[in-house]
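Below you'll find the structure, written out as structure tokens, and then a few comments.
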Amino acid sequence: MFTSFMVNAWLIGSIVAVVAGIVGFFVVMRSSAFAAHAIPNGAFAGAAGANLVGINPLVGLGVFSLAAALGIATLSRRGRADAVTALALVMMLALGAAFLSQSTEYEPAIFSLLFGEILGVSTGQLWPVIALGAVCVVAVGVLYRPLLLTSIAPEIAAARGLRPERLEIIFLVVLACATTMTVPVVGALLIFTLMIGPPAAARCFSDRAPVAMGLSVLIGLLTIWGALACAYVTNWPVGFYVGSYSAAWFVIGRLFRAWRRAQGSRRARSGDLARENVLAGA
Amino acid sequence: MRYLFEPGFFSSGPVHVAVTVGAVSALVSAFVGVFTVMRGQSFAGHALTDVATTGGSGAFFFNFSPLLGFLGAGVLGAGAMDLVGVERLRGRDIATGVVLGFATGLAALFLYLDATKNATTGVSQQILFGSIFTLNSSTIPLVVGMSVITLGVLALIYRPLLLSSISPDLAGARGIRVRLVGVLFMLTLAVAVGLSSIAIGSVLSTALLIGPAATALRVTKNLRAALVVAPILGVVATWLGVVLAYDSFYWFPSSQGLPVSFFIVTLIFLGYLVSGLPALRRRTSSPVATAPAREFKGVPV
């Protein structure tokens with residue numbers, strides 16, 4: 001389980017889980033799940049395009065995820081954000097289909113871009129992931145307070161002079177950055193799952209933002225570690241375990257919250273004040 | 001005409017099937033799409049295509065009818081999304097994401113098992129992008145039949161659906177069971193999307209669901225007009241796309257054509273962009289059109 005090729009998988013899985021946990025926390029807070037799905041899936045088309053013209057797939061991924069982020073942010077100012085996201089996604093996938101039809105890309109290459117090839121990560125692939133991951137974490141750290149404020153209380157944020165549209169663009173660019181680094185190693189679908197499941201579960205456990213963010217990273221790590229171990233033993237795809245464990249954590253989180261609310265209402269009836277949820281709207 | 005239609009266009013069997021199935025899918029998708037876009041459920045609409053895909057790959061593995069897999073998974077997925085996050089619009093987004101994440105995980109497993117079991121290649125690409133030109137003509141009656149049922153259900157719940165989409169509170173006060181209407185609509189959406197993704201692929205299915213509807217809602221003044229304009233846009237884009245894709249076989253010396261989904265999606269996308277030009281936008285903005293968009297952006301309405 002800890003043979004040489006697995007060491008890289010453990011390392012890269014952990015890095016991805018940490019970045020996804022931190023960025024994903026804001027994806028959930030801001031309800032940007034669709035964008036978090038659209039950017040990696042669309043970016044996959046960029047890799048196909050880069051392959052066709054014979055450049056580094058990372059460049060194609062970067063260009064496409066940035067284009068997606070900026071396109072979604074710009075177009076949704078004048079239209080419905082979710083419809084615009086859907087259209088941007090299908091447009092990029094259609095471009096991907098066009099690229100694939102012109103190239104001689106072999107089927108497994110497509111499969112690995114969608115579902116990842118985490119078990120075959122070389123040491124050389126580690127560095128771009130670490131670098132871009134660090135950029136994402138630093139960016140979220142710097143923007144932590146304004147991001148949180150515009151997510152929870154847009155009116156207060158606007159009153160304080162923050163500009164939600166500009167923050168949305170910056171956040172989507174961070175999302176694009178996280179996507180670029182992770183798609184080649186964990187696949188477009190897996191990164192989305194890691195950005196939604198663990199943070200959504202974490203928010204059920206705690207109403208306090210820093211705690212929820214920490215929990216989100218922790219749950220993400222447990223998910224990816226468990227998935228890697230199971231995938232190693234059973235030889236089934238890592239993506240299957242990540243998807244199942246994320247969903248399971250979310251179900252546990254929801255049950256926990258339902259149980260605590262039942263307790264809270266009992267206490268409220270007996271005279272105590274029900275604790276005000278800081279993250280109302282969870 | 002000779003320059004538009006390359007030789008053999010009208011006598012080609014696959015073209016006949018593509019034109020028929022494409023038009024039917026475009027029509028149904030556009031009708032369902034208008035409500036989907038209006039209710040702010042584009043994400044669910046897209047996610048259901050992926051969930052249906054999981055069903056398709058599962059059916060392939062367990063050796064039962066792919067159609068059953070597509071529809072079954074779609075209905076299950078819609079039920080799960082509804083179960084987890086109906087309370088409020090924002091929670092629904094996350095619920096959709098979690099269900100989608102789980103479904104794609106399952107799809108990864110099924111595709112892996114399919115590949116090891118049958119040593120077939122091209123499955124994931126086929127499922128994702130589909131191909132309107134490789135359809136079997138025997139699917140036509142099935143697609144048409146299911147489409148009629150979908151439209152029938154939609155017509156049946158038209159008024160309560162409309163009211164509960166615009167104002168759930170008002171609908172509730174009038175005795176409409178908003179939750180039930182919502183579930184019925186999700187099921188209709190699941191069937192429509194599952195059907196069109198088996199026929200034309202997951203990508204094209206989303207494009208035909210959201211694109212024409214979003215464009216129509218932008219250029220028309222009311223919902224009824226949008227319900228007329230959206231299907232027209234969808235069918236026109238589909239047919240033009242089929243023609244262009246057929247012609248594209250003659251464009252390159254390698255006679256390697258471009259996929260039909262590429263043309264249809266590009267036409268739909270361009271249509272949406274053009275509809276955003278100031279001259280074409282309708283003057284009055286109704287609350288119908290703006291409410292879901294504002295809620296989606298996370299701004300409490």
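Reminder, nothing fancy here: chain letters follow the sequence lines and each chain counts from 1.
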- [ ] Answer with side chain, backbone, both or neither: which region of A:S246 has an atom nearer than 4.5 Å to a non-hydrogen atom of chain B?
- [x] neither
Open item on the list: Between A:V242, A:V251, A:L87, who has the most heavy-atom pairs with chain B when the cutoff is under 4.5 Å?
Closed with: A:L87
Task: B:F262: partners by ring pair (Phe, Tyr, Trp, His ring centres under 6.0 Å), with sequence neighbours left out - done: none
Open item on the list: If you count heavy-atom pairs within less than 4.5 Å of chain B, which of A:V90, A:V84, A:L95, A:T193 leads?
Closed with: A:V90
Task: Exceeds 12 heavy-atom contacts within 6.0 angstrom, atom CG of B:L273 - done: yes
Task: chain A contact via B:A214 - side chain, backbone, both or neither, heavy atoms under 4.5 Å - done: side chain
Open item on the list: Within this structure, what is the OG1-CZ distance for the pair B:T104 and A:F240, rounded to the nearest 0.5 Å?
Closed with: 11.5 Å
- [ ] Give the minimum heavy-atom separation between B:V37 and A:A83, together with the two atoms involved.
- [x] CG1-CB, 4.4 Å
Task: Residue, of A:S244, A:G197, A:P199, A:A200, that accumulates the most heavy atom pairs under 4.5 Å with chain B - done: A:S244
Task: Contact leader toward chain A among B:F269, B:F110, B:Y272, where contacts are heavy-atom pairs under 4.5 Å - done: B:F269
TODO: Please flag which part of A:L194 lies under 4.5 Å from any non-hydrogen atom of chain B: side chain, backbone, both or neither.
DONE: neither
TODO: Could you look at B:F102 and say if it's the side chain, the backbone, both or neither that has a heavy atom under 4.5 Å from chain A?
DONE: both
TODO: Taking the side chain as every heavy atom from C-beta outward, state whether A:Y241 and B:L109 have any atom pair closer than 4.5 Å.
DONE: no
- [ ] Measure across B:T206 and A:A86 and return the closest heavy-atom pair with its distance rounded to 0.1 Å.
- [x] CG2-CB, 4.3 Å
Task: Heavy-atom pair of closest approach, residues A:D82 and B:Q41 - done: OD2-N, 3.7 Å
- [ ] With the side chain counted from C-beta on, respond yes when A:V28 and B:D93 share a heavy-atom pair under 4.5 Å apart, and no when they do not.
- [x] no
TODO: Kindly write out the residues that satisfy side chain to side chain donor-acceptor pair (under 3.5 Å) with A:Y245, not counting sequence neighbours, or none if the list is empty.
DONE: none
- [ ] Quick one: sort the B:F43 and A:H37 rings into parallel, tilted or perpendicular, breaks at 30° and 60°.
- [x] tilted
Task: Heavy-atom closest pair, residues A:A33 and B:I94 - done: CB-CD1, 4.4 Å
- [ ] Flag the one option from B:L100, B:T36, B:L209 with the top tally of heavy-atom pairs under 4.5 Å to chain A.
- [x] B:L100
